[in-house]
S.K.: 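First the structure, then my questions, so here it is.
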Amino acid sequence: QVQLVESGGGSVQAGGSLRLSCRASGFRYSDYCMGWFRQTPGKEREGVATISTGGSSTYYADSVKGRFTISRDNAMNTLYLQMNSLKPEDTAMYYCAATVWCAATAGLRPADFEYWGLGTQVTVSS
């Protein structure tokens, strides 16, 4: 069955870095566009970054541009999110997701993604 398993979350001080990973299985990973999303209690899930099947196209939320980098390794069926210069407002549960509807990935909309992981918590303290 389809599985997306995130890892790499944790607690870090403001200005620090974390690298999230998402291991995919149960589907043809290289045929799917991928994305990272985040959510805090009481708020809607929001798009952080998305990436095309081959990795040549990426999109970022304005709030993370220049600080976060999304990448993928199709040989390892793994998605990454390098997060630098972390801020307290980056604190959230981070989810990876997959979609075959790659034309929609620029919009960073959660509703356009069909497969989801269970998330990994990132906490940034000031």
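In this chain, residues are counted from 1 in sequence order. All of these numbers come straight from a predicted model, not from anything done at the bench.
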S.K.: I need the full list of ring pair (Phe, Tyr, Trp, His ring centres under 6.0 Å) pairs touching residues 106-126, with sequence neighbours left out, sorted by first then second residue.
M.R.: Phe27-Tyr115, Tyr32-Tyr115, Phe37-Phe113, Phe37-Trp116

S.K.: Please answer: with hydrophobic residues joined when any side-chain heavy atoms are less than 4.5 Å apart, are Val2 and Trp36 in the same cluster?
M.R.: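 Per the 4.5 Å side-chain linkage, Val2 and Trp36 are co-clustered.
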
S.K.: Do Leu18 and Tyr80 sit in one hydrophobic cluster, given that two such residues count as connected whenever their side-chain heavy atoms are within less than 4.5 Å of each other, even indirectly?
M.R.: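 Different hydrophobic clusters.
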
S.K.: Test of understanding: with salt bridge (charged side-chain N to carboxylate O under 4.0 Å, His left out), list the residues that count as partners of Arg23, not counting sequence neighbours.
M.R.: none

S.K.: What's the shortest heavy-atom distance between Ser85 and Ser17, and which atoms?
M.R.: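 Nearest pair, atom of Ser85 first, then Ser17: N-OG, 4.3 Å.
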
S.K.: Tell me if a side-chain donor or acceptor on Arg72 pairs with a main-chain N or O of Tyr29 at a distance below 3.5 Å.
M.R.: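 Indeed, once roles are kept as given, a pair shorter than 3.5 Å links the two residues.
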
S.K.: Check for a donor-acceptor pair, side chain of Asp112 on one end and backbone N or O of Ala106 on the other, with a separation under 3.5 Å.
M.R.: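 No, Asp112 side chain to Ala106 backbone: no donor-acceptor pair under 3.5 Å.
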
S.K.: Could you give the distance from CD (Glu44) to CD (Gln39), rounded to the nearest 0.5 Å?
M.R.: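 Answer for the CD-CD pair, Glu44 versus Gln39, is 8.5 Å.
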
S.K.: Do Thr40 and Thr91 come within less than 4.5 Å of each other through their side chains, counting heavy atoms only?
M.R.: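 Answer no - side chains too far apart.
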
S.K.: If you look at every heavy atom in Leu79 and Ser71, which pair is closest and at what distance?
M.R.: CD1-O, 3.3 Å

S.K.: Using a 3.5 Å distance criterion without hydrogens, assess whether the side chain of Thr50 forms a donor-acceptor pair with backbone atoms of Thr105.
M.R.: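 Looks like yes, one N/O pair under 3.5 Å.
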
S.K.: Where do Cys33 and Ser52 come nearest, in terms of heavy atoms and distance?
M.R.: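 Taking Cys33 first and Ser52 second, the nearest heavy atoms are SG-CA, 3.7 Å.
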
S.K.: Please give me the minimum heavy-atom distance between Met93 and Gly119, naming the atom from each residue.
M.R.: SD-C, 3.7 Å

S.K.: With a 4.5 Å limit on heavy-atom distance, are the side chains of Arg67 and Asp90 in contact?
M.R.: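 SC-SC contact between Arg67 and Asp90 confirmed.
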
S.K.: Could you pull out the closest heavy-atom pair between Tyr95 and Glu6, with the gap in Å?
M.R.: CA-OE2, 3.3 Å

S.K.: Of the non-hydrogen atoms in Trp101 and Thr99, which two are nearest, and what is the gap between them?
M.R.: N-OG1, 3.0 Å

S.K.: Is there a side-chain contact between Ile70 and Met34, using heavy atoms and a 4.5 Å cut-off?
M.R.: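 Counting from C-beta outward, Ile70 and Met34 never come under 4.5 Å.
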
S.K.: Before accepting this row, confirm whether a basic side-chain N of the pair Lys65/Asp62 lies closer than 4.0 Å to the acidic partner's carboxylate O.
M.R.: yes

S.K.: Starting from Leu108, can I reach Val122 by hopping between I/L/V/M/F/W/Y residues whose side chains sit under 4.5 Å apart?
M.R.: no

S.K.: May I ask you to test the Ser63-Arg38 pair for a side-chain heavy-atom distance under 4.5 Å?
M.R.: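 Touching, per the 4.5 Å side-chain cut-off.
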
S.K.: Taking the side chain as C-beta and beyond, is there a heavy-atom pair between Leu4 and Cys22 under 4.5 Å?
M.R.: yes

